[in-house]
Amino acid sequence: QVQLVESGGGLVQAGGSLRLSCAASGRTFSRYAMGWVRQAPGKEREFVAAISRSGVSIYYADSVKGRFTASRDNAKNTAYLQMNSLKPEDTAVYYCAAEPRGPSGSPEYNYWGQGTQVTVSS
């Protein structure tokens with residue numbers, strides 16, 4: 001198994017930036033494709049970004065494309081989500097996840113972090 005711990009959430013004004021980190025422990029981090037999923041109050045989980053084991057292939061939801069950048073550092077067992085030009089509608093709990101269960105763009109993963117709150121004020 002892999003254990004995931006997110007950090008970096010917070011309160012930011014619209015147009016601002018935040019960088020989320022996801023520290024992994026347990027089994028070899030590089031064996032897992034990683035993803036970021038968010039959930040706003042009263043809404044279903046929403047896929048944000050996915051990154052392959054090597055970090056070469058990255059996919060984004062249309063709603064964040066051009067504003068968010070996912071990356072990973074396998075030497076540091078850490079995944080990142082750089083979020084720029086944030087909008088109020090980006091407000092949600094953001095989860096780091098490992099080992100996707102569904103097709104590309106699915107918000108279903110086998111392993112999850114505890115989540116970190118991102119709040120964007122207008």
Side-chain angles (χ1 to χ4, degrees):
Q1 288 193 353
V2 62
Q3 291 78 44
L4 306 172
V5 178
E6 301 98 333
S7 61
L11 173 64
V12 65
Q13 288 188 334
S17 298
L18 283 174
R19 188 195 197 201
L20 305 183
S21 297
C22 173
S25 60
R27 294 186 64 182
T28 307
F29 177 64
S30 59
R31 297 179 62 170
Y32 295 94
M34 300 294 296
W36 293 91
V37 175
R38 67 187 181 186
Q39 188 166 23
K43 295 188 176 181
E44 294 184 351
R45 286 179 180 173
E46 178 189 15
F47 167 81
V48 174
I51 185 166
S52 63
R53 295 179 182 90
S54 66
V56 171
S57 298
I58 306 174
Y59 305 93
Y60 298 98
D62 288 343
S63 58
V64 306
K65 202 171 293 182
R67 300 187 297 122
F68 290 11
T69 302
S71 62
R72 65 189 296 163
D73 185 337
N74 286 344
K76 295 182 178 179
N77 291 348
T78 304
Y80 304 96
L81 184 67
Q82 177 67 43
M83 305 185 295
N84 298 329
S85 302
L86 282 161
K87 305 175 181 180
E89 51 264 43
D90 294 319
T91 296
V93 176
Y94 283 71
Y95 297 91
C96 169
E99 196 169 272
R101 292 195 307 201
S104 177
S106 167
E108 300 303 321
Y109 286 78
N110 283 329
Y111 303 103
W112 295 85
Q114 84 285 358
T116 185
Q117 177 70 47
V118 171
T119 303
V120 184
S121 63
S122 57

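Not measured: the values here are computed from a predicted model. These values consider heavy atoms only, across backbone and side chains, with no hydrogens, waters or symmetry-generated copies.
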Can you get from Leu86 to Val64 by hopping between Ile, Leu, Val, Met, Phe, Trp and Tyr side chains that sit under 4.5 Å apart?
yes
So how far is it from Leu4 CG to Asn77 CG, rounded to the nearest 0.5 Å?
10.5 Å
Between Thr28 and Ser30 (side chain of the first, backbone of the second, donor and acceptor by atom type, cut-off under 3.5 Å), is there such a pair?
no
Apply side-chain contact (heavy atoms from CB on, under 4.5 Å) to residues Tyr95 and Glu6 and explain how you reach the verdict.
CA-CA 7 Å; Tyr95 297 91; Glu6 301 98 333; 3.9 Å; yes
Should Ile51 and Tyr80 be counted in the same cluster of Ile, Leu, Val, Met, Phe, Trp and Tyr side chains packed under 4.5 Å apart?
no
Hey, does Val48 have a side-chain heavy atom less than 4.5 Å from the side chain of Tyr60?
no
Which residues share a side chain to side chain donor-acceptor pair (under 3.5 Å) with Thr119, sequence neighbours left out:
Gln117
Ignoring hydrogens and angles, tell me if any N or O in the side chain of Ser57 forms a donor-acceptor pair with the backbone of Ser52 under 3.5 Å.
no
Could you list the residues that satisfy side chain to side chain donor-acceptor pair (under 3.5 Å) with Gln39, not counting sequence neighbours?
none
The test is side-chain contact (heavy atoms from CB on, under 4.5 Å); show your working for Glu99 and Tyr109 and say whether it passes.
CA-CA 5 Å; Glu99 196 169 272; Tyr109 286 78; 5.6 Å; no
With sequence neighbours excluded, tell me which residues meet side chain to side chain donor-acceptor pair (under 3.5 Å) with Glu89.
none
Does Lys43 NZ have over 12 foreign heavy atoms under 6.0 Å away?
no
In Å and rounded to the nearest 0.5 Å, what is the CZ to OG1 distance from Arg38 to Thr116?
14.0 Å
Which side chain to side chain donor-acceptor pair (under 3.5 Å) pairs, counting each pair once, include a residue from residues 15-24, with sequence neighbours left out?
Ser17-Asn84
Tightest non-hydrogen contact, residues Leu18 and Gly8, listed as CD2-O, 3.8 Å
Tell me, please, whether Trp112 has Arg45 positioned over its six-membered ring: NZ or CZ under 6.0 Å from the ring centre and within 45 degrees of its axis?
yes
Measuring from Cys22:SG to Arg72:CZ, what's the distance to the nearest 0.5 Å?
9.5 Å
Between CG on residue Leu81 and SG on residue Cys96, distance to nearest 0.5 Å:
9.5 Å
Thr91 versus Val118: any side-chain heavy-atom pair under 4.5 Å?
no
Considering non-hydrogen atoms only, spot the tightest contact between Ala92 and Ala40 and give its length.
CB-N, 3.8 Å
Mind checking side chain to side chain contact (heavy atoms under 4.5 Å, CB included) for Gln1 and listing every partner two or more places apart, or none if nothing turns up?
Gln3, Tyr111
Are Val2 and Val37 connected in the hydrophobic side-chain network, where two residues link if heavy atoms are under 4.5 Å apart?
no
In Å and rounded to the nearest 0.5 Å, what is the CZ to OG distance from Phe47 to Ser63?
9.5 Å
Check side chain to side chain donor-acceptor pair (under 3.5 Å) between Arg67 and all other residues, then give those that pass, not counting sequence neighbours.
Asp90
Output for pair (Trp36 CH2, Met83 CE), nearest 0.5 Å, gives 8.0 Å
